[in-house]
Colleague: 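Following this message is one structure expressed as structure tokens.
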Amino acid sequence: MSYEPTIVAFLCNWCSYTGADLAGTSRMKYASNVRIIRVMCSGRVDPTFVLSAFKEGADGVLICGCHPGDCHYHEGNYKCLRRYHLLQKYFQQMGLDKDRLRLEWISASEGRQFAELVDSYTETVKNLGPCKMKQVIETLT
Amino acid sequence: MTGIIFTKVDNGYSGALDYNELFFYAKGIPGVGPVWYSTDVPLYDKQAMADLIKEQQLKRIVVAGDTPGMVKPFLTGAMVIAGNNPEDVVLASFREYGATDNTKIDRAKGILFCIALGVTFAEAALPEETDVQPDTLVIGGGIAGIQASLEIANGNQKVYLVERTGTLGGHMAMFDKTFPTLDCAACILTPKMVEVGQHPNIEILTYSEVKGVTGEPGNYKVKILNKARRVDLATCIGCGICTEKCPAKAPSEFDNGTTLRKAIYIPFPQAVPNKYLIDADSCTYVLKGKCGVCVKVCPVEGCIDLDAKDQEMEITVGNIIVATGFKPFDAGKIERFGYGKYPQVITSLELERLINAAGPTEGNIHFRSQDKKGNWIFSVESGMPKSFAIIHCVGSRDENYNKYCSRVCCMYSLKLAHLIKEKLEDADVFEYYIDMRAFGKGYEEFYERIENEGIHIVRGRTAKIEERNGRLMVRSEDILNDQLIEQEVDMVVLSIGLEPREDAAELAEMLGISTEEEGWFTEANYNTDPVNTFVGGITIAGVCQGPKDIPDAVAQGSAAAARVLQSIVKGKIKKSIKDMPLEKIEEKAKQFSNSMEGKS
């Protein structure tokens with residue numbers, strides 16, 4: 001049996017979640033590896049959310065927010081962008097591949113783009129292989 | 001005794017008040033003695049006038065007319081000489097109380113009656129208050145109607161939202177981005193639509209039309225026609241098998257004919273309610289009497305009923321908000337632009353769908369081409385244009401079509417130019433404008449930004465569009481350089497204006513509200529009361545009152561809701577002045593007059 005990664009996706013309520021909804025209602029097919037968590041804004045995604053996702057056994061984390069300038073709360077997505085860069089640095093220090101975290105902008109009309117993003121990201125994570133974070137933590141404690 | 005003097009002004013205006021009729025009416029008012037025209041009395045001779053007053057034993061004099069104040073000083077003088085109180089010369093000004101022409105003669109009579117009895121007209125003709133039904137009807141499920149419904153429903157009041165098409169959203173749902181912030185329109189609108197769809201206080205009646213309104217402010221009986229959807233809303237699970245198998249196709253209304261849809265369809269994937277409906281005009285079963293493929297494949301028994309009939313229902317509401325929106329100008333009317341003749345001449349609304357990521361070409365701009373069956377549609381198989389001309393004011397600011405400015409075209413044209421540049425970086429975009437109307441907050445800045453993005457902005461009207469060497473040639477003037485220019489482009493976008501709906505007049509008649517010359521609904525006061533109409537309990541919101549952009553339509557939707565909530569919270573609503581018959585005014589004036597006598 002081929003390896004199927006588990007991906008946690010944080011989607012903002014206003015653009016990306018609606019975009020994912022559009023992908024669904026338009027009956028677009030995309031990889032079923034993604035587990036969607038709706039947040040009110042991509043700015044709500046605390047770095048610890050991402051880390052605990054890996055701790056719980058995720059192989060990749062996807063964050064989607066409104067396009068720059070479109071944020072329902074004006075600047076939530078910029079805050080998210082800053083945290084993303086911060087996390088990328090932290091990932092390098094921890095020895096995690098930076099591709100395990102991805103940030104993309106998806107608007108409510110971009111159902112197709114969301115489906116394509118999920119497919120391509122699943123492929124990326126598949127190539128990276130399973131994330132060992134959970135096992136490492138379990139053996140250490 | 002009271003005397004009445006008419007100051008007749010003959011201004012030769014044919015619709016003016018009929019003074020002869022008023023003259024005879026005045027004679028019949030109780031307590032009134034002599035009635036004269038100002039020309040019949042020695043108005044400017046105070047002594048002679050005073051003698052006349054004494055002779056007739058007048059205690060009060062009413063001066064009636066359009067501008068009665070002019071002769072008042074002469075009469076007060078005469079009254080003093082006659083030994084009376086000069087304050088007993090009172091004015092009955094018809095114009096002041098709105099009796100401006102002969103259609104309002106009943107109001108003029110009422111004014112006369114009240115003043116003669118010593119009662120002010122405003123007091124006697126104050127519209128009565130009646131109880132108001134708590135439910136509200138909103139006609140039109142566009143952004144203005146959605147906003148108004150949400151405001152009222154969030155105030156814990158029941159709302160019926162009637163929408164003619166199969167889904168809420170209106171024109172805004174078709175747009176890709178909004179100006180000047182370039183927000184994605186769906187990101188703003190769809191959460192609101194979902195909120196309406198799930199709101200316990202809102203009853204959505206899609207695919208329905210208002211067929212008749214009777215009753216009075218605070219208590220309207222509204223007849224609503226539920227057109228046969230032929231799919232049961234309650235049991236449809238939205239699986240989509242029916243659409244897959246349906247053999248009949250028709251141009252998609254939502255995509256403005258840029259692509260085809262099936263006869264059984266969902267208007268667009270984010271529709272509210274997200275259920276299927278059958279278009280009777282293209283369904284094979286309805287047209288030819290046999291097919292029924294959708295019934296066979298539908299997994300829910302009894303969900304699709306191809307023989308369903310239209311149904312009527314009646315609801316009782318206290319207030320009505322009219323938010324029927326607009327109709328885009330039909331670009332085919334202007335022959336010189338060749339819309340409908342040259343396939344690469346498209347309207348702005350078509351381009352809007354092309355640019356949208358959920359549109360027929362997945363957000364890429366392609367040429368219009370013919371499919372196998374000969375339908376002109378946009379598909380990803382055809383090539384991409386490299387140069388565009390955007391022509392402003394198509395159907396607006398033109399004596400031959402609509403004289404008014406449609407207000408949004410300049411801004412959305414700039415927005416489209418920006419979006420074209422975003423999709424096709426190397427494309428040449430030419431804008432031809434008459435005047436650039438960047439009137440709102442952040443709009444001028446947006447204009448400057450677009451100017452600096454390398455878009456060629458030409459000032460001048462476009463004369464003609466012709467085909468040359470397989471491309472389109474735009475003949476235009478360039479006012480700023482004082483020359484005529486010709487420009488070859490691949491695609492021409494016509495920035496069409498906004499027009500009132502064809503049946504706006506019909507609806508206005510049904511509701512008793514008035515429309516303007518162009519067909520927009522008339523508000524009570526352009527500056528200070530832009531949402532009320534002259535009919536109590538009926539408010540207007542959105543573009544149906546006049547062209548406006550999204551923020552203004554939303555603001556007006558909220559304002560209309562505030563008016564409705566005001567009456568619901570109070571529990572009372574004012575009837576309209578025009579509902580008050582003359583007898584009623586007379587009766588009230590008598591009552592007031594008697595009670596005043598009792599006091600003194």
Side-chain angles (χ1 to χ4, degrees), chain A residues 9-30 36-45 63-81 103-121, chain B residues 167 169 172-195 197 237-244 254-255 261 265-276 352-364 380 418-419 422 442 446 449:
Chain A
F10 295 98
L11 306 187
C12 108
N13 176 53
W14 303 101
C15 296
S16 316
Y17 190 78
T18 328
D21 190 36
L22 175 65
T25 51
S26 310
R27 295 168 210 294
M28 290 165 188
K29 288 203 170 65
Y30 58 84
I36 294 176
I37 297 175
R38 180 171 65 141
V39 287
M40 287 312 279
C41 178
S42 53
R44 177 71 182 85
V45 181
I63 307 173
C64 298
C66 307
H67 284 265
D70 274 11
C71 179
H72 192 79
Y73 309 101
H74 300 293
E75 50 197 20
N77 48 4
Y78 294 118
K79 287 180 175 149
C80 180
L81 184 63
L103 175 68
E104 284 287 337
W105 310 130
I106 296 289
S107 86
S109 56
E110 294 176 337
R112 164 82 54 197
Q113 278 83 340
F114 178 76
E116 280 165 7
L117 170 69
V118 170
D119 281 346
S120 71
Y121 189 54
Chain B
T167 174
M172 188 178 166
M174 300 174 187
F175 304 154
D176 181 48
K177 296 276 161 69
T178 61
F179 60 78
T181 49
L182 295 174
D183 281 335
C184 129
C187 301
I188 313 169
L189 184 66
T190 43
K192 266 187 196 290
M193 283 161 60
V194 172
E195 202 184 333
I237 54 169
C239 64
I241 298 176
C242 49
T243 297
E244 224 171 84
F254 181 75
D255 283 321
R261 58 151 172 85
Y265 68 110
I266 286 186
F268 69 112
Q270 284 154 314
V272 172
N274 204 342
K275 306 279 163 133
Y276 287 80
E352 201 87 49
R353 291 310 304 155
L354 286 190
I355 289 176
N356 191 286
T361 52
E362 286 159 21
N364 298 308
V380 283
H418 168 84
L419 293 175
E422 207 178 85
F446 184 70
R449 174 182 161 190

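Atom set for the values below is all heavy atoms of this structure, side chains included, hydrogens, waters and symmetry mates excluded. Each chain gets a letter, A, B and so on, in the order its sequence line appears, and its residues count up from 1.
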Colleague: With sequence neighbours left out, write down each residue that passes ring pair (Phe, Tyr, Trp, His ring centres under 6.0 Å) with A/Tyr121, or none if nothing qualifies.
Modeller: none
Colleague: Do you know which of B/Ala271, B/Gly359, B/Gly238 has the most heavy-atom pairs with chain A at a distance under 4.5 angstrom?
Modeller: B/Gly238
Colleague: Checking heavy atoms, do the side chain of B/Ile188, its backbone, both or neither come under 4.5 Å from chain A?
Modeller: neither
Colleague: Out of B/Pro191, B/Gly363, B/Ala185, B/Cys239, which one racks up the most heavy-atom pairs below 4.5 Å with chain A?
Modeller: B/Cys239
Colleague: Considering only heavy-atom distances, could you tabulate the donor-acceptor pairs under 3.5 Å between chain A and chain B?
Modeller:
from: A/Thr25; atom 1: OG1; to: B/Pro269; atom 2: O; distance (Å): 3.1
from: A/Arg27; atom 1: NH1; to: B/Gly238; atom 2: O; distance (Å): 3.4
from: A/Arg27; atom 1: NH1; to: B/Cys239; atom 2: O; distance (Å): 2.9
from: A/Arg27; atom 1: NH2; to: B/Gly238; atom 2: O; distance (Å): 2.4
from: A/Arg27; atom 1: NH2; to: B/Tyr276; atom 2: OH; distance (Å): 2.9
from: A/Asp70; atom 1: OD2; to: B/Cys184; atom 2: N; distance (Å): 3.3
from: A/Ala108; atom 1: O; to: B/Gln270; atom 2: NE2; distance (Å): 3.3
from: A/Ser109; atom 1: O; to: B/Ala358; atom 2: N; distance (Å): 3.3
from: A/Arg112; atom 1: NE; to: B/Glu362; atom 2: OE2; distance (Å): 3.4
from: A/Arg112; atom 1: NH2; to: B/Glu362; atom 2: OE2; distance (Å): 3.4

Colleague: Residues two or more places apart in sequence or in another chain: which of them pass ring pair (Phe, Tyr, Trp, His ring centres under 6.0 Å) with B/Phe254?
Modeller: B/Phe268
